[in-house]
Amino acid sequence: MKIIAADYIYTPKGFLTGHGVAFAETIKEIAPVKTLQQKYPDAQLIETHKDSVLYPGFINTHVHLEFSSNRTTLTYGSFIPWLNSVIEDRNELVKKCEPQTMLNACNELLRSGVTSFGAISSFGLELEACIKAPQRVVFFNELIGSNPQTIDVIYADFKERIKASSMHAENRIIPAIAIHAPYSVHPIALRHAITLAKENEYVLCAHLLESQAERSWLDTSDGEFQAFFETNFNQSAPLTTAKEFIEAFDGYPTHFTHCVQATKEELEHLYRQGHTIAHCPRSNRYLGCGRLAIENLKVPFSVATDGLSSNNTLSILDELRAALMLHHQGPLQQLASKLIRSVTSDAADILKLECGQIVPNKLADFTVITLPDTPKNLEEIPLWTILHTKEASQVYIQGEQYV
Ligand code: BEZ
Ligand code: FE2
């Protein structure tokens, strides 16, 4: 048993002061430090710096590790030029992305306080790094392919990758399914994959309505995707509408990424179906996709980094700062609190993880953030956390310290 003491503890009931947390692999008790020491006299006491805040470990629900070698190769600014650059440079980037490159990416996540993440895996190449990394990984095996001639082979490979990711529970790997996007997955394969997710209770995610180009293509078979599909796939119309695609997920809550171009009606449908959104503010900005109006959003959302294929860092703290600047509408303090919730309890609910809250029986995943000075008001701690923190001072996963 260990006891960690911090000046401030983030709990569902607000910030506690003068308290500690007793924990082993899971959280046992939250009480004044003295009380815990009397009750658990053999427990090791872990102290934290003055003005430290104990948070549940942060959760990044959407990241692509396989493109971690990209820095200055892919074209940013507009979605289709970016997608063309992905197709042109994919092989080179994936070749350059060695297991160590991906492990370094996991380490960047860790140093920013991320103790669990959702890895979107196109090829299964990051499995080795995710096994070695200390974090809990929801390993989203991705299905991508619209060509009916090749879809059977693609689907068989997809099932093999799911199997491979199912054998590492002891390394905290949780198998899951990702559908690439409405424009890139054959509707029949889509139905099979959703059925597979339901049968095995896999967490399910899908990119959805990221760009204006995707909107035009799905609605009216035109826009920038027209030339893209003509050139690359000899295809003149999409295989599905947005409505058909979205309704295929009815009855099975799914984590949709981006949704920047979703209509009010579509967002209302996502809300009614219990779906959630991964909001990647920097990725959306860098690929010219627009802004998700989170101030009006009823659908629960997480803030996530996406991959280094559409971002400049994997720090969740950098992402929260970007979200704070991008969403200038509405009260600042409330937004900061909502953003912290989006990477803790809300993200845990989305990925169906038993962490994300400092309450008894949850997994003992913690991120310690040290503020540069004493906060005048407890309610301002989320804002000071986001504004002042470059790296976590300590990080624990299932009771073990990793930073
Ligand atoms: C496809 O495999 O069909 C596909 C991949 C990327 C973008 C669009 C379509
Ligand atoms: Fe993504």
Side-chain angles (χ1 to χ4, degrees), residues 60-68 70 74 76 79-91 93-94 105 117-123 126 138-155 157-158 176-190 193 204-211 213-214 216-218 221 223-240 245 254-260 276-287 289 292 301-311 314 319 350:
N60 184 4
T61 65
H62 186 96
V63 56
H64 303 254
L65 295 175
E66 286 165 320
F67 293 94
S68 296
N70 178 60
L74 298 176
Y76 283 12
F79 189 76
I80 294 294
W82 172 81
L83 189 57
N84 281 322
S85 74
V86 170
I87 289 178
E88 189 176 324
D89 298 311
R90 182 170 47 194
N91 290 345
L93 285 173
V94 167
F117 59 85
I120 316 303
S121 174
S122 305
F123 314 105
E126 69 281 71
V138 177
F139 198 89
F140 285 106
N141 296 283
E142 186 173 64
L143 179 63
I144 178 168
S146 55
N147 183 348
Q149 257 115 54
T150 53
I151 195 66
D152 287 347
V153 175
I154 285 171
Y155 200 83
D157 171 69
F158 162 70
I177 291 180
I179 304 298
H180 179 255
Y183 56 83
S184 61
V185 176
H186 195 279
I188 297 173
L190 170 68
L204 184 58
C205 76
H207 293 110
L208 178 65
L209 292 164
E210 177 173 6
S211 63
E214 179 178 346
S216 302
W217 176 244
L218 297 179
S221 315
E224 284 180 279
F225 257 123
Q226 196 179 25
F228 175 90
F229 271 99
E230 209 57 79
T231 311
N232 294 298
F233 298 95
N234 195 24
Q235 194 184 319
S236 59
L239 298 171
T240 184
F245 182 81
T254 298
H255 192 37
F256 288 104
T257 308
H258 304 308
C259 303
V260 175
T276 59
I277 294 177
H279 170 48
C280 307
R282 284 187 294 172
S283 172
N284 295 159
R285 173 68 183 103
Y286 298 161
L287 303 192
C289 290
L292 180 72
F301 70 91
S302 60
V303 168
T305 58
D306 221 340
L308 287 169
S309 36
S310 57
N311 213 334
L314 292 183
E319 202 66 45
I350 288 169

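Every number for a ligand or one of its atoms is a count from 1 in the order of the listing.
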Any chance the side chains of [X] and [Y] put a donor and an acceptor closer than 3.5 Å?
| X | Y | value |
| --- | --- | --- |
| His186 | Asn147 | no |
| Thr305 | Glu319 | no |
| His62 | His207 | yes |

Within a 6.0 Å radius of atom CD on Glu88, are there more than 12 heavy atoms belonging to other residues, nucleotides or ligands? no
Any chance CD1 of Ile188 has more than 12 other-residue heavy atoms, nucleotides or ligands included, within less than 6.0 Å? no
Find all protein N or O atoms under 3.5 angstrom from an N or O atom of ligand 1 and list the pairs with distances, or write 'none'.
{"from": "ligand 1", "atom 1": "3 (O)", "to": "Ser146", "atom 2": "N", "distance (Å)": "3.1"}
{"from": "ligand 1", "atom 1": "3 (O)", "to": "Ser146", "atom 2": "OG", "distance (Å)": "2.5"}

By the definition ring-ring contact (aromatic ring centres under 6.0 Å, His included), identify the one residue from Tyr183, Phe228, Phe233, Phe229 that meets it with Trp217.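 The residue from Tyr183, Phe228, Phe233, Phe229 that satisfies ring-ring contact (aromatic ring centres under 6.0 Å, His included) with Trp217 turns out to be Phe229.
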Which protein N, O or S atoms does the Fe ion (ligand 2) have within a distance shorter than 2.8 Å?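 Listed by chain and number: His62 NE2, His64 NE2, His207 NE2, Asp306 OD1.
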Please answer whether the main-chain N or O of Cys289 pairs with a side-chain N or O of Asn284 as donor and acceptor at a distance below 3.5 Å.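 Side chain of Asn284 to backbone of Cys289: no pair is present.
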Going by the side-chain contact (heavy atoms from CB on, under 4.5 Å) test, name the single residue among Ile154, Leu239, Thr240, Leu190 that passes it with Val185.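 The passing option is Leu190.
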Restricting to non-hydrogen atoms, name the atom on Ala278 and the atom on Thr61 that form the minimum distance, rounded to 0.1 Å.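 The answer is CB-OG1, 3.8 Å.
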